[in-house]
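Protein chains get the first letters and strands the later ones, always in sequence-line order, with residue 1 at the start of each.
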Protein chains: 2
Amino acid sequence: MVSALKNGPDYRQMLREAGLRVTPQRASIVTILSETDDHPSVEDLYEKTRTLDDTVSVATVYRTMSVLENAGLVRKLVMDDAPARYEMMPQTDHDHLVDVESGDLVEIPGTEISELMGRVASELGYRIVSHHTVIRARKV
Amino acid sequence: MVSALKNGPDYRQMLREAGLRVTPQRASIVTILSETDDHPSVEDLYEKTRTLDDTVSVATVYRTMSVLENAGLVRKLVMDDAPARYEMMPQTDHDHLVDVESGDLVEIPGTEISELMGRVASELGYRIVSHHTVIRARKV
DNA sequence: CTTGGTGCAAATGATTTGCAAGCCT
DNA sequence: AGGCTTGCAAATCATTTGCACCAAG
């Protein structure tokens, strides 16, 4: 999952295709977010990105996440009481579950939940823009 | 839906049964929240409650919501970008949808969504504690 | 060049908290 | 009486923004 090239052209291209300017900061942030398998907060992302590129500021991480979210490249996970977390927009849709004991974020594979939501919303005359669902659960 | 008695003993009792102290502030806040059919934010709640009892402070509304949530008497709806909203814990379960145009909060009747979540979570070895699901959607 | 991006620090907005006084049980 | 609650104001936390400078296209 880890690319050999730091800041490889793949990420730059992804940005360019979305019609966004490619800055070194954006490339670094996307690199870090892409190669991480947990769901980092802005603060996490900031710290990790800094090890790769120390010109990045927190403000830029916030701004970048916002831009990427609007471009549909990343998904924001709104938490109940903790700062938001982010993931690259998944190709295989899934939902999330927070382990209330550990705080871990577990991915729920499968697309059933959002399909059902879409169906139910359309019965009310709506089309889903996004659904920010976080399930709090405890190990059995 | 609107009770004749302001601050009726029904709400005081509801608090007492939950093992909570009954203060005039709590009674007022619960009265307002119970008799409202939208999903007020703390600020909304504070303003409305003030018309009934001007000794209430915002801090107390926050503290009361927190206490009531822990007692399982109210449900907190975590929004994406706006302050949290609250509703009395519904007997008939339902989910929520935010109209991204108007900001309106629409209730999605039915229990299918949370049933599916529960089923899917249990496949991962979890039992749901709570799920705060808010769907952002746009009118068709 | 020109527009948009960035760092820094200050500003904002929501929610929390320390403290002294007051009320519920 | 004694501990939980409250109001007030100050504090915290996450996120946003103004501004002067810099860089991508």
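At the phosphate of C/dT15, OP1 or OP2 sits under 4.0 Å from a side-chain N or O atom of B/Y62.
Residues B/Y86 and A/V56 both approach DNA chain C. Their nearest nucleotides, taken by heavy-atom distance, put A/V56 toward the 5′ side.
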Return all side-chain donor-acceptor pairs below 3.5 angstrom for residues 58-65 of chain B, not counting sequence neighbours, or 'none' if the list is empty.
| unit_1 | atom_1 | unit_2 | atom_2 | d |
| --- | --- | --- | --- | --- |
| B/T60 | OG1 | B/S57 | OG | 3.3 |
| B/T64 | OG1 | B/T60 | O | 2.7 |

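Residue B/L68 contributes atom CG, which lies 15 Å from atom C1' of D/dC4 at whole-angstrom precision. Whole-Å rounding puts the A/Q25 CD to D/dC22 P distance at 13 Å. Atom CZ of A/R26 and atom P of D/dA23 are 15 Å apart (whole Å). When the P atom of C/dG5 is taken as reference, atom CG of A/N70 falls 12 Å away, rounded to whole Å. Nucleotide C/dG5 holds its C1' atom 11 Å from the CD1 atom of A/I29, rounded to whole Å. Spacing between atom CG of B/D53 and atom P of D/dT6 amounts to 11 Å, rounded to whole angstrom units. Atom CD in B/E43 sits roughly 10 Å away from atom C1' in C/dA14 (whole-Å rounding). Atom P of nucleotide D/dT6 and atom CE of B/M65 are separated by 11 Å, given to the nearest angstrom.
Taking Ile, Leu, Val, Met, Phe, Trp and Tyr as members and joining any whose side-chain heavy atoms lie under 4.5 Å apart, directly or through other members, the hydrophobic cluster of A/V129 also contains B/V100. Other residues sharing a hydrophobic cluster with A/V78 under the 4.5 Å side-chain heavy-atom criterion for ILVMFWY residues are B/V78.
For the side-chain hydrogen bond (donor to acceptor under 3.5 Å, both in side chains) test, residues two or more places apart in sequence or in another chain that qualify with B/S114 are B/D93.
Tracing side-chain contacts under 4.5 Å through hydrophobic residues (I, L, V, M, F, W, Y), one never reaches B/L77 starting from B/Y46; they form parts of separate clusters.
The side chain to side chain donor-acceptor pair (under 3.5 Å) contacts involving residues 116-127 of chain A comprise A/Y126-B/D99, where partners must be two or more places apart or lie in separate chains.
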remark   = Scoring nucleotides 19-25 of chain C by protein non-hydrogen atoms under 4.0 Å (B base, S sugar-phosphate only, - none) yields -----BS
